[in-house]
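The basis for the numbers below is simple: all heavy atoms, side chains too, and nothing from hydrogens, waters or symmetry mates.
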Amino acid sequence: MDAIKAILTRRSIRKYKKQTISQEIIQKLFQAACNAPSAGNQQPWQFVLLDDHKVLNVIHTFHPSAKMLTEADKAILVCGDLNREKFKGYWMIDCAAATQNILLAAHSLGIGACWLGLYPREGRVAGMRKLLRLPSHIIPFALVSLGYPGEVKPREDRYNPSRIHHNVWKEREDKTN
């Protein structure tokens, strides 16, 4: 699948088949994540692969949108590593780019995925930190659920020309809510 098709057809998948994702595919997802752009090439990320359902089945107790993890084969936790931060405050942007790379790579490989935000929700961050015994310099940023899709979602066209400006800001009527 080419990059444009992956971007335009990727959807959040929350239902999964009982099928194991190979280590080869997981490796490709980590390679995609690690090749995301980062400020000054600081690469302030760390990742935790979650495939133990004793762990995955607990996360929804502190993250209300994470119930799909009980069906997911695996999940990847994207964390910011403050010890790797050269440019203060950019770790969040860098981790978002790594998370998006995981989502696009998963879709291109036929894997369903969903971005579950953690940071800056204190309860979610604290829950994940406690569950995985994360050190204080590691901040859980996002969790990506992974599994072979158990649902098919049609492409949505989200392009909205009223949100595009040329050289100067020009007020336009927004065609979406």
Side-chain angles (χ1 to χ4, degrees), residues 3-4 6-7 10-14 16 20-109 111-148 158 163:
I4 296 298
I7 291 166
R10 188 212 63 80
R11 299 291 310 277
S12 293
I13 300 298
R14 295 176 177 86
Y16 306 103
T20 302
I21 301 170
S22 72
Q23 188 55 42
E24 179 185 350
I25 288 177
I26 295 300
Q27 182 68 29
K28 287 179 182 179
L29 298 181
F30 284 128
Q31 287 174 323
C34 292
N35 278 283
S38 65
N41 199 28
Q42 67 183 344
Q43 302 173 35
W45 42 63
Q46 300 281 352
F47 306 96
V48 180
L49 176 64
L50 302 174
D51 59 5
D52 182 344
H53 276 273
K54 291 176 192 160
V55 173
L56 291 170
N57 292 344
V58 170
I59 295 169
H60 72 89
T61 63
F62 58 84
H63 191 311
S65 301
K67 191 69 173 167
M68 87 283 283
L69 290 172
T70 62
E71 291 183 25
D73 181 53
K74 296 175 179 30
I76 294 174
L77 176 64
V78 180
C79 300
D81 184 342
L82 298 183
N83 289 345
R84 298 189 55 83
E85 185 180 37
K86 291 187 226 174
F87 302 100
K88 192 162 180 58
Y90 282 89
W91 72 265
M92 295 158 279
I93 297 165
D94 299 342
C95 286
T99 303
Q100 179 71 353
N101 275 13
I102 293 169
L103 293 169
L104 291 171
H107 178 57
S108 75
L109 295 167
I111 303 299
C114 186
W115 181 328
L116 297 158
L118 298 168
Y119 184 86
R121 299 287 184 95
E122 291 180 21
R124 295 175 187 182
V125 168
M128 192 61 71
R129 185 181 298 287
K130 182 178 177 184
L131 180 65
L132 302 182
R133 298 187 301 270
L134 300 173
S136 61
H137 68 281
I138 300 297
I139 301 174
F141 174 75
L143 192 58
V144 179
S145 62
L146 300 166
Y148 282 92
R158 297 177 182 172
R163 295 193 184 184

**Student:** Which heavy atom of Thr99 sits nearest to which heavy atom of Ala142, and what is that distance?
**Tutor:**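 Nearest pair, atom of Thr99 first, then Ala142: OG1-CB, 4.0 Å.
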**Student:** When you compare the side chain of Val78 with that of Phe47, does any pair of heavy atoms fall below 4.5 Å?
**Tutor:**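 Yes, side chains in contact.
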**Student:** Apply the test side chain to side chain contact (heavy atoms under 4.5 Å, CB included) to residues Gln42 and Glu85: give CA-CA distance (whole Å), side-chain angles for both, the deciding distance (0.1 Å), then the verdict.
**Tutor:** CA-CA 6 Å; Gln42 67 183 344; Glu85 185 180 37; 4.0 Å; yes
**Student:** Is any side-chain heavy atom of Leu77 less than 4.5 Å from a side-chain heavy atom of Leu134?
**Tutor:**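 Counting from C-beta outward, Leu77 and Leu134 do come under 4.5 Å.
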**Student:** Between Ile139 and Arg129, is there a side-chain heavy-atom distance shorter than 4.5 Å?
**Tutor:**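 A side-chain contact under 4.5 Å exists here.
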**Student:** For residues 62-86, pull every pair meeting ring pair (Phe, Tyr, Trp, His ring centres under 6.0 Å), keeping only residues two or more places apart or in separate chains.
**Tutor:**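 Residue pairs with at least one partner in residues 62-86: there are none.
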**Student:** Within the structure provided, determine whether Arg14 and Ser145 are in side-chain contact (heavy-atom separation under 4.5 Å).
**Tutor:**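 Contact flag for Arg14/Ser145 side chains = no.
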**Student:** Any non-hydrogen side-chain atom of Leu146 less than 4.5 Å from a side-chain atom of Leu29?
**Tutor:**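 They are in contact (side-chain heavy atoms under 4.5 Å apart), so the answer is yes.
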**Student:** Can you tell me which residue pairs pass the salt bridge (Lys or Arg N to Asp or Glu O under 4.0 Å) test with a partner in residues 87-105, sequence neighbours excluded?
**Tutor:**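 Sorted pair list comes back empty.
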**Student:** Given 3.5 Å as the limit, does a donor-acceptor pair link the side chain of His53 with the main chain of Ala72, or not?
**Tutor:**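 Looks like yes, one N/O pair under 3.5 Å.
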**Student:** Are any of the side-chain heavy atoms of Phe141 and Pro44 separated by less than 4.5 Å?
**Tutor:**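 Heavy-atom side-chain distance check fails, nothing below 4.5 Å.
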**Student:** Could you walk me through whether Leu49 and Ile76 pass the side chain to side chain contact (heavy atoms under 4.5 Å, CB included) test, one step at a time?
**Tutor:** CA-CA 5 Å; Leu49 176 64; Ile76 294 174; 4.2 Å; yes
**Student:** Roughly how far apart are Ile13 CD1 and Met68 CE, rounded to 0.5 Å?
**Tutor:**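 If I round to the nearest 0.5 Å, the distance is 10.5 Å.
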**Student:** In Å, rounded to the nearest 0.5 Å, how long is the span from NE2 of His107 to CD1 of Ile102?
**Tutor:**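 Separation between the atoms: 16.0 Å.
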**Student:** Looking at CD1 of Ile26 and CD1 of Ile21, how far apart are the two atoms once the value is rounded to the nearest 0.5 Å?
**Tutor:**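 Reported value, rounded in 0.5 Å steps: 5.0 Å.
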**Student:** Give me the atom names and distance for the closest heavy-atom approach of Cys79 to Ile138.
**Tutor:**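 Between these two residues, the closest heavy atoms are CB-CG2, 3.5 Å.
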**Student:** Got a sec, which pairs hit salt bridge (Lys or Arg N to Asp or Glu O under 4.0 Å) with one end in residues 24-36, sequence neighbours left out?
**Tutor:**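 Listed once each, the pairs are Glu24-Lys28.
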**Student:** Would you compute the distance between atom OG of Ser65 and atom CG of Leu143 and round it to the nearest 0.5 angstrom?
**Tutor:**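 Answer rounded to 0.5 Å: 11.5 Å.
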**Student:** Side chain of Asn101, backbone of Ala32: donor and acceptor closer than 3.5 Å?
**Tutor:**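 Yes; at least one donor-acceptor contact below 3.5 Å.
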**Student:** Nearest 0.5 angstrom please: Tyr119 OH to Cys95 SG, how far?
**Tutor:**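 Reported value, rounded in 0.5 Å steps: 10.5 Å.
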**Student:** Side chain to side chain contact (heavy atoms under 4.5 Å, CB included), that's the test. Do Leu50 and Leu69 meet it? Break it down for me.
**Tutor:** CA-CA 10 Å; Leu50 302 174; Leu69 290 172; over 6 Å; no
**Student:** Ignoring hydrogens, what is the shortest heavy-atom contact between Ala98 and Trp45? Give both atom names and the distance.
**Tutor:**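 Shortest heavy-atom contact: CB-CE3, 3.9 Å.
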**Student:** Which heavy-atom pair separates Ala106 from Ala113 by the least distance, and what is that distance?
**Tutor:**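 Where Ala106 meets Ala113 most closely, the heavy atoms are CB-CB, 4.1 Å.
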**Student:** Test your reading of the model: is there a side-chain donor-acceptor pair from Arg84 to the backbone of Gln43, 3.5 Å cut-off?
**Tutor:**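 Confirmed, Arg84 side chain pairs with Gln43 backbone.
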**Student:** Taking the side chain as every heavy atom from C-beta outward, state whether Ile111 and Asp73 have any pair of such atoms under 4.5 Å apart.
**Tutor:**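 No, every pair of side-chain atoms sits at 4.5 Å or beyond.
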**Student:** Describe, in one word, how the ring planes of Tyr90 and Phe87 are oriented to each other, choosing from parallel (under 30°), tilted (30 to 60°) and perpendicular (over 60°).
**Tutor:**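 Rings of Tyr90 and Phe87: perpendicular, over 60°.
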**Student:** For the CD atom of Glu71 and the CG atom of Asn57, what is their distance to the nearest 0.5 Å?
**Tutor:**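 Those atoms lie 10.5 Å apart.
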**Student:** Does any part of the side chain of Gln100, heavy atoms only, come nearer than 4.5 Å to the side chain of Trp115, both counted from C-beta?
**Tutor:**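 Of all side-chain heavy-atom pairs linking Gln100 with Trp115, at least one is under 4.5 Å.
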